[in-house]
Every structure is written in C-alpha cells, then in structure tokens.
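Have a look at the structure below before the remarks.
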Amino acid sequence: MDGMERDRPADDIPPTTPPARPPLPRGDVPPPLILKFEDIGAEMLPLVGGKAANLGVLTSAGLPVPPGLCVTTEAYRRVTERTALKDVLAALATTPAGDIPALNALAAKARGIVLAAPVPDDIADTVRGGANGPVAVRSSATAEDLPHASFAGQQDTYLNMIGADAVLDAVRRCWASLWTDRAVAYRAANGIGHGAVRLAVVIQKMVQSETAGVMFTANPVTGRRHEAVIDASPGLGEAVVSGAVNPDHFVVDTATGRITERRLGDKLVAVRSLAGGGVEHVETPADPVESACITDAQLGALAELGDRVERHYRTPQDIEWAIDAAGVLWLTQARPITTLYPIPHHAESSGGPVPGDTRIYFCFSLAQGLYRPITPMGMSAFRLLSSSVFEMLGTPVADRLAGAPPVTEAGGRLFFDVTGLIRSRVGRVAFPKVLDVMEARSAKVLRGLFDDPRFGVIQPSLRPPLRRAVRIAARFHIPRRAVRALRAPASAHRDVELLRERLRGRLPAPRGATPAERLDHVERMLGGQIFPLLPTIAPAAAAGFAMLGLAALVLGDRVRPDELETVLRGLPHNVTTEMDLALWRLATRVREDGEAASLLLGAPATELAERFHAGTLPGVLGSGLADFLSVYGVRAVAEIDLGLPRWSEDPTHIIGVLANYLRLEDPALAPDALFARGAAEATLMIKTLGGRAGGLRGRLVRFALGRTRALAGLREMPKYVMVTALAAMRAELLAVGAELASRGLLSRADDVFFLTFREARAALTAPSSREAGAPTADGDRPTPAPAPAEAGAHPSEVAVRPALGDLVARRRAEAARELRRRHVPRVLLSDGTEPEAIAVRAPVDGALTGTPASAGTVTGRARVVLDPVGAHLEPGEILVCPSTDPGWTPLFLTAGGLVMEMGGANSHGAVVAREYGIPAVVGVSGAAKHIVTGQEITVDGASGVVTT
C-alpha cells in the first residue's frame with residue numbers, strides 16, 4: 001500500500017474487501033508462527049495480541065497502515081513452555097497487588113528466564129525471514145489495547161531494527177518485556193491473571209517520519225467527544241509518546257474541521273533513525289519564529305483519519321501517526337481510550353434526547369453515596385421506581401419497566417437527565433438549592449452551566465410547577481401532616497410506626513406464590529406501592545428543619561452556623577443513629593464475655609459469619625448478633641442497590657465493625673457517651689440561644705429548636721423504609737433466581753440480579769437448560785438458546801443474546817471492571833464533556849477546600865478508606881473516603897474526623913458527623929488521592945478547610 005496523499009481526505013480512501021483469512025487452527029493442527037497483517041482479524045486476539053489484531057483490522061479497512069507481520073503467541077508459548085516460568089507464575093498468583101517489592105523481584109526473575117530460554121531453529125528462521133529492511137519491532141500482548149485496559153507503554157518497542165540478528169534479538173527482548181516491573185504491576189492492579197497473558201510481536205515497516213505524534217479522537221481531559229487532540233513533533237513519534245519533548249498541541253473540532261486550540265511547544269528534542277540501526281535523541285535549536293511542525297491541511301487530514309478510525313471501531317481511539325518525507329500520512333497504531341467515562345444512554349422506549357441537543361446528566365448514584373456500579377436488576381428497580389414517581393407527579397410513563405424519560409445509566413451508575421430542570425426558571429433555582437444540602441459540588445458544577453447558551457431558560461413561567469406542587473401537597477395532605485407534627489411531635493412518630501407496621505404486612509408475596517407471581521408482586525410494589533408512602537413520612541422531618549431555619553431567621557446575626565449545628569447533635573429518633581448505638585451496646589455485652597470477645601478479636605470475620613449462619617457462635621455473640629440483624633439486617637453497604645446482599649445474608653462487614661468497637665477502650669470516646677454529651681450540648685445551646693434572643697423572640701427560638709430536635713431525626717426514616725422494601729423485594733427475587741437455577745438456566749440464585757425484569761420474566765417462560773441447549777450435568781451441550789433482549793440495549797448490540805449463563809458472566813465481569821474505576825463524574829454532558837474537569841483548580845498552599853459539614857477542629861492521622869467492608873479504623877483516626885451511605889456510619893463512631901469527596905452540608909455523612917460531634921468537611925475534590933493513610937492532617941469543619 002502506497003499510503004495516503006497529504007491532502008487527500010480520509011473518507012476518500014477506497015474501501016477494500018477484507019481478504020480471506022486462514023482459519024484458526026483446530027484439533028492437532030499447530031497454530032501458525034507468523035501471519036501477515038492482511039491475514040489477521042479481530043477474532044485472533046489470543047493468537048496475535050491486541051496491537052497486531054488492531055493493525056490487522058485497520059489494514060483490512062483500507063486505512064494507511066505500514067505493512068508488516070506478526071510473530072504469534074505460539075512462538076512465545078513454545079519458547080517458554082519448558083522453562084521455570086511456571087514457578088514464577090505460581091508465586092505471582094499469591095502475591096498481593098500492593099506488594100510492589102515482591103512483584104518487582106518476581107518480574108526480574110521472569111525476565112531473566114525468558115531471555116535465557118533457547119529459541120528453536122524453526123522459530124528463529126521464521127523471525128529472520130521477516131527482517132526485510134528497517135523495521136519497528138513492537139510487543140503485542142493478549143491483554144493489551146483492550147476496551148477496559150490499554151496497557152499503553154507496558155511492553156517494549158524497538159525502532160529502526162536492521163538485519164536478521166538485530167530483529168531476532170529485539171523479538172526476544174519484546175518477549176521478556178511481558179515481565180517488566182510496570183507490566184506486572186499493571187496486571188496486578190487491574191486484576192488480570194499473569195498466567196493468562198501471552199505475547200506476540202509485530203514486525204512492521206519502519207516509517208522514517210519527518211513529523212509524528214499522538215492523536216486522541218476525544219478530549220481525554222474534558223471528555224468531549226468528536227474533538228481531536230493532536231500532539232506533534234519533528235522526527236519519530238517516540239519523542240511524543242515517551243514524554244521527551246514539549247510537542248505542538250492542537251485541538252480540532254472534527255465536525256467542522258475548525259482548529260479550536262493551538263499551542264506550540266519548544267520541540268527541543270527529536271528522535272531520529274541511525275543509518276546502521278537504532279535511534280538517537282537529537283537536540284534541536286529553538287525556533288525563533290515559533291512555527292508549527294505540521295500544517296493546517298495536515299491537521300485536517302489527521303482529524304478526518306481519526307474520525308474514520310473512531311467510526312470503524314465505534315469508540316474513541318488513541319492513535320499514533322507519522323508523516324514521511326513525501327508527505328504521506330501513516331497510521332502506526334490505534335487502541336481504545338480507556339479513561340473516558342461512557343456517555344449515559346436512555347432505554348430505547350423511554351423517549352431519549354433529540355439528536356444534536358446537548359443534554360445535562362446528573363449522577364444520582366454519587367449523590368446517594370454510592371460509588372460502586374449498580375447491578376442490572378438494581379437498575380431495573382430504579383427504572384420502575386422512577387415510573388412510580390412520574391405517575392405520582394401526574395405524568396404517566398408509557399413503558400414502566402423502561403422507566404421515566406430522564407432516567408439514564410452509564411458505567412453501571414444511575415444518571416438523571418436534568419436538562420429540563422436547568423432550562424426552567426424554577427428548576428435552576430430549586431434543584432441546585434436542594435443539592436446544596438445534599439451534594440454541594442454538583443450544585444456548583446450545575447450553576448457553572450447557567451451562562452452556557454445551550455442551557456438558557458426556555459420555561460420562564462412559575463405557574464406549571466407551582467400548580468403541580470400544590471396538587472401533590474393536597475393529594476398527600478403534606479401541609480396538614482407538617483402542622484400536626486409541629487403541634488404534637490409524638491403523633492408524627494406514632495404515624496411513622498403505624499405506616500411501618502402496615503408496610504411489613506404488605507411486602508411479602510402471598511404464601512405459596514409461584515415464581516412468576518413473585519415477580520408480578522415485585523414489579524407491582526416497586527412500580528406503584530412503595531414510593532407514594534414516602535410523602536406521608538417526609539413532612540415531619542421537613543417541618544423540623546423548617547423550624548431550624550425559622551430560628552436562624554429570628555436570631556439573624558446573633559447566631560453562628562456552628563452553634564445551630566450543635567443543636568443537631570445527639571438527635572433522637574434517628575434510625576441510623578439508633579442502629580449504631582444498638583451495635584455499640586452489643587459490643588459492650590460481648591466485651592463482658594471473655595470467650596466471645598477473644599473469638600471476635602481473634603478469628604476472621606468471614607469465618608465468624610459462617611459460624612453465625614451455622615448457629616455455632618458463643619451465646620452472647622450469636623444471640624446478640626441475631627437480635628441486631630432481626631431489626632437492622634435489611635441494611636447493607638450500598639443498600640439502595642437491591643442486587644447486593646443484606647447484612648442478614650452476609651454479616652461479615654458488621655462483624656468486622658463490631659470487632660473494631662471492642663478496640664475502643666477510652667470510656668470518654670464511647671459512642672453512647674458521645675451521643676449523650678452531644679444531646680446535653682444541644683439542650684444547653686437551645687437555652688443559650690433562647691436567652692440571647694430574649695423575650696418573645698427567645699420563646700419562639702426555644703420552641704422552634706425544640707421541635708427541630710423532636711422531628712429532624714426522622715430525616716433518615718424515608719430512606720430506611722425504602723431500604724426495608726428493597727430488602728423484601730430482594731428476597732422475592734432470590735426465590736425467582738432459585739427457580740431459574742433449579743432449572744439449569746442460572747448457575748446460582750443470585751445470578752438473577754444480573755438480569756433485568758424483562759429477562760427474568762422471559763427466562764421463567766423459557767424451557768429448562770436441557771431443553772434450551774445449555775450445558776447439562778452429564779456434559780451434553782446442545783445449541784444454546786438466546787436470552788431475551790433487555791430494555792435499554794444499545795442499538796449496536798446484536799438482537800440475539802447469548803445464553804443466560806454467558807450473559808450473567810459477561811455482566812459480572814463488567815461489574816468487576818467498573819468496581820476498579822477510580823473516577824465517576826458528578827455531572828456529564830451528552831457530548832462527553834465533564835464540566836467539573838474544566839473548572840477544577842489545584843489546591844493552594846497545601847490546603848484542600850470543601851463544604852463545612854460539622855464544626856470543630858481536629859488534627860490526627862488520616863485513614864483513606866475506599867470500601868468500608870473489612871476496613872479498620874483506629875480510634876481518633878480521620879476517615880477519608882469518596883462518599884458514604886448508612887453502611888459506613890458504624891466507622892464514624894471511632895473516627896476523630898471525616899473528610900469526604902462527595903456530599904453537601906445535609907448529606908448523610910455530614911448529618912451523622914454532626915450528631916456525633918466529629919469535625920467534618922465534605923465535597924473535597926480529590927481528597928482520597930491527595931491524602932495518604934498515616935499522613936497527619938487537620939480538619940476544620942467550620943471553614944471547610946483540610947490542611948496537610
């Protein structure tokens with residue numbers, strides 16, 4: 001292939017018919033040792049590795065790829081199969097990902113083994129035969145250039161290799177580079193088994209480039225799609241890839257071809273080929289006129305080429321390119337950009353956004369303190385609940401299983417399309433104000449979009465939302481309930497208890513219900529029976545906080561914010577606080593039983609959980625834990641996802657927290673003492689503020705703050721009611737899963753949570769595994785039957801799904817990958833832009849700033865915790881975490897302070913921190929990244945500043 005002329009648009013490249021490829025070997029036929037690019041397809045990844053597979057696909061697509069061939073993984077297998085590498089693999093399998101010294105030592109041993117291994121003559125001759133002219137020798141691992149892990153730069157590349165012996169030596173060194181320290185650590189961090197990875201090697205015609213570099217077809221910083229980001233430098237592209245040079249930097253809008261950003265680098269180093277082979281780094285003089293190393297026409301051709309590659313793969317690409325002395329543009333490598341967050345998508349039947357209309361997506365998962373992905377069944381539950389909400393608002397949803405139109409998902413997280421709210425006069429005022437006390441950073445990001453002309457107000461009238469609010473308030477008697485709660489708080493608490501009793505009777509499916517009837521029951525409850533209960537509970541708590549606002553208004557400048565926060569300490573009637581104190585009381589009883597205490601502190605929590613279910617725990621520990629779980633076993637970490645086990649199913653986490661409580665020896669720091677002290681401080685503060693106001697104002701302040709303490713603790717009750725209902729629905733779905741597992745359609749009952757409601761229902765009407773063709777116990781394997789399609793499937797997905805077992809396995813693997821994702825955007829635009837990424841500024845003078853959440857100052861050692869399950873927190877340590885939900889709060893009892901990346905002043909973590917009187921700052925960008933465990937930090941909960 002002669003390549004592409006400099007000014008020829010990428011789309012003008014004539015399409016080529018993919019050549020017939022040799023079939024993959026079967027039976028006793030040995031795999032080939034070498035394949036040309038034109039003979040390689042995407043399905044050959046295990047044989048040729050990621051890089052070669054991509055180059056084969058791009059070659060077949062008619063793109064300007066320098067010709068070349070691949071030394072397959074069969075060669076690597078034969079070279080290493082009789083070595084001691086298997087012993088290194090066994091050692092790596094038991095080495096923790098965080099033990100870097102041990103990983104490095106094993107990596108060095110593996111490299112030495114591979115380099116010392118003799119190369120059979122037939123393999124050596126095959127490699128030498130591919131050494132025609134100057135070539136680039138590149139590693140191509142089977143776990144490389146994948147959609148979820150690029151492995152960019154983890155293995156080695158050797159440029160401008162000349163001569164058969166030099167090429168063979170470079171191939172050997174590429175094989176050994178599968179075991180570089182960085183590659184081994186990368187695989188360990190990404191949970192990729194070392195023994196499952198093999199290496200192929202690409203031998204490709206060397207492009208002696210005048211200019212080369214890297215292009216991203218989406219902006220990797222802002223996330224904006226269809227925006228080519230190009231770095232260019234004279235010479236070979238290695239200078240840009242390795243970071244050895246400050247390149248010229250350009251951003252091109254691929255839709256219009258307009259260059260939107262141009263920043264010239266100094267380009268003081270160039271990598272050039274040597275006549276005898278290899279490369280050299282050449283210092284280049286500074287350009288006094290600061291001219292670019294690439295023309296605008298070449299930039300346009302590059303952007304068009306990148307757009308064509310992206311359209312071919314249907315995902316943004318990280319591309320390496322080169323322009324030779326004749327001006328021909330070459331594509332030397334392409335792989336997916338793995339760091340971009342996926343753009344939320346709507347269910348097909350839910351009336352998604354109009355094409356070309358930029359939308360604003362708000363991450364509800366993060367606002368609820370849920371960082372991990374939600375299971376498919378958990379997501380289906382939210383879609384049903386959203387339909388219930390819209391029906392309650394007077395806007396029925398056509399397809400209730402698909403959910404309300406604003407509900408979307410991406411990366412397993414729940415997003416809401418809030419474009420309509422931001423374009424509404426009422427919405428852009430009310431919604432950010434709600435977030436101010438729930439997720440303050442999101443509110444700030446949304447307000448930053450107000451001046452964007454794409455999101456200008458198009459619904460200026462106040463009447464429609466006010467009419468809707470009045471209808472809802474009248475329907476659920478909200479004003480009457482709020483007034484009744486203020487007049488007689490005890491009646492509000494009785495109403496809540498009566499509602500909980502009625503709900504407990506309605507949650508289980510009828511005795512003897514079939515699996516299909518259980519599924520009907522779950523859909524009916526989630527789709528219309530549960531959410532309408534919440535407006536009957538919320539008015540009392542809302543009235544309590546309204547009284548706090550009234551007191552602040554009456555006091556004016558005679559009260560400080562931290563003094564009002566003191567009123568919220570030790571709040572009664574908070575179900576989450578009551579849960580934490582109940583666990584503390586159990587810890588106190590266990591401490592008094594020497595045998596139980598010794599067992600709790602000495603045995604692994606997983607073992608104790610198994611013994612609990614077996615009924616073999618010592619009396620006080622076993623019976624006490626059973627009593628606790630009989631009340632609070634419906635809760636869990638990430639409890640709003642009904643796909644996750646409740647504590648009653650798996651008490652491992654709560655047993656670990658119980659053990660941590662036993663390590664608390666200072667009576668003054670005991671949670672019940674802290675709670676009582678907080679309540680006393682609150683009572684005293686009410687008296688102080690009433691006296692400060694004086695007279696009638698003082699009596700009003702005392703009344704208002706008294707009602708705040710009597711009612712505000714009910715804030716947690718709506719969520720607790722919802723969680724109780726979700727736990728009951730989970731139990732019904734487990735019964736459905738058990739039925740599907742008994743018929744061989746699922747491996748185990750909880751696989752049902754990796755299906756949607758539609759899929760579960762279709763599976764109930766499907767034949768058994770033997771009839772459907774799934775593998776059976778005796779090893780028969782007829783043709784598998786397709787699984788039903790789900791609501792919200794991407795149009796690009798094939799219509800016929802794999803068997804249910806394969807579908808569940810794929811989704812479990814996707815969930816495992818998403819669990820490793822370290823960043824989830826709070827707000828995301830439909831073009832991929834993450835507004836917060838543009839607005840974030842580096843901390844000043846070592847200080848991190850956020851939202852004040854609980855007044856007070858504490859200095860102590862930080863403990864960064866990303867997952868509360870199994871976490872250990874020493875008394876007085878400052879908990880630093882991404883977000884929290886009620887499953888985290890037992891850790892608060894031993895914490896000296898709290899720093900949270902997410903949340904607002906009235907988020908769950910902030911409320912509990914105030915109640916326990918520990919200083920807290922929330923909404924601290926990058927806290928878990930900037931702070932390390934063991935570091936001494938100071939948390940000022942009044943100013944919202946964390947100093948390190």
Query raised in the report: Can you check whether Leu848 reaches Val921 side chain to side chain, under 4.5 Å on heavy atoms?
Result: no

Report task. Apply side-chain contact (heavy atoms from CB on, under 4.5 Å) to the pair Asp452 and Thr358, showing each step before the final yes or no. Result -> CA-CA 11 Å; Asp452 190 319; Thr358 305; over 6 Å; no

Query raised in the report: Among Ile259, Leu299, Val229, which one satisfies side-chain contact (heavy atoms from CB on, under 4.5 Å) with Val251?
Result: Val229

Query raised in the report: In Å, rounded to the nearest 0.5 Å, how long is the span from CE of Met729 to CE of Met377?
Result: 12.5 Å

Query raised in the report: Any side-chain heavy atom of Ile640 within less than 4.5 Å of one from Lys719?
Result: yes

Query raised in the report: Would Thr222 and Glu227 satisfy side-chain contact (heavy atoms from CB on, under 4.5 Å), going step by step from the backbone distance to the final call?
Result: CA-CA 10 Å; Thr222 66; Glu227 187 172 75; 4.2 Å; yes

Query raised in the report: For the atom pair CD1 (Ile374) and CG (Leu642), what is the distance rounded to the nearest 0.5 Å?
Result: 9.5 Å

Query raised in the report: Taking the side chain as C-beta and beyond, is there a heavy-atom pair between Pro406 and Phe390 under 4.5 Å?
Result: yes

**Report entry** Any pair counted as side-chain hydrogen bond (donor to acceptor under 3.5 Å, both in side chains), so long as it reaches residues 385-395, sequence neighbours left out
**Finding:** Glu391-Arg400

**Report entry** Atom NE2 of His226: over 12 foreign heavy atoms under 6.0 Å
**Finding:** no

Requested in this report: Assess whether atom CZ of Arg697 is packed by more than 12 heavy atoms of other residues, nucleotides or ligands within 6.0 Å.
Outcome: no

Query raised in the report: Do Asn574 and Glu716 have a side chain donor and acceptor closer than 3.5 Å?
Result: no

**Report entry** Verdict with supporting geometry, Arg413 and Tyr341, side-chain contact (heavy atoms from CB on, under 4.5 Å)
**Finding:** CA-CA 11 Å; Arg413 279 82 179 182; Tyr341 197 84; 3.3 Å; yes

Report task. Inspect the contact between Asp436 and Arg447 and indicate whether a charged nitrogen and a carboxylate oxygen are less than 4.0 angstrom apart. Result -> yes

Report task. Please name all residues satisfying ring pair (Phe, Tyr, Trp, His ring centres under 6.0 Å) with Phe416, sequence neighbours left out, ordered by chain then number. Result -> Phe364

Report task. Walk me through it: do Glu563 and Leu555 pass the test side-chain contact (heavy atoms from CB on, under 4.5 Å)? Result -> CA-CA 11 Å; Glu563 291 177 319; Leu555 287 163; over 6 Å; no

Report task. Apply side chain to side chain donor-acceptor pair (under 3.5 Å) to Thr260 and Asp253, showing your working. Result -> CA-CA 7 Å; Thr260 60; Asp253 184 331; over 6 Å; no

Query raised in the report: Counting heavy atoms not belonging to Arg558, are there more than 12 under 6.0 Å from its CZ?
Result: yes

**Report entry** Nearest heavy atoms of Pro344 and Leu828, plus distance in Å
**Finding:** CD-CD2, 3.5 Å

Query raised in the report: Side-chain contact, heavy-atom cut-off 4.5 Å: Val559 with Val701?
Result: no

Report task. Using a 4.5 Å cut-off on heavy atoms from C-beta on, say whether the side chain of Val567 contacts that of Ile686. Result -> yes

**Report entry** Taking every non-hydrogen atom, the tightest pair across Leu366 and Pro825
**Finding:** CD1-O, 4.0 Å

Query raised in the report: Phe757 versus Arg383: any side-chain heavy-atom pair under 4.5 Å?
Result: no

Query raised in the report: Would you call Leu571 and Arg709 a side-chain contact if the rule is heavy atoms closer than 4.5 Å?
Result: yes

Report task. Hey, could you give me each pair passing salt bridge (charged side-chain N to carboxylate O under 4.0 Å, His left out) that has a residue in residues 468-486? Not counting sequence neighbours. Result -> Arg484-Asp495

Query raised in the report: Mind checking whether Arg699 and Leu696 have side chains closer than 4.5 Å, heavy atoms only?
Result: yes

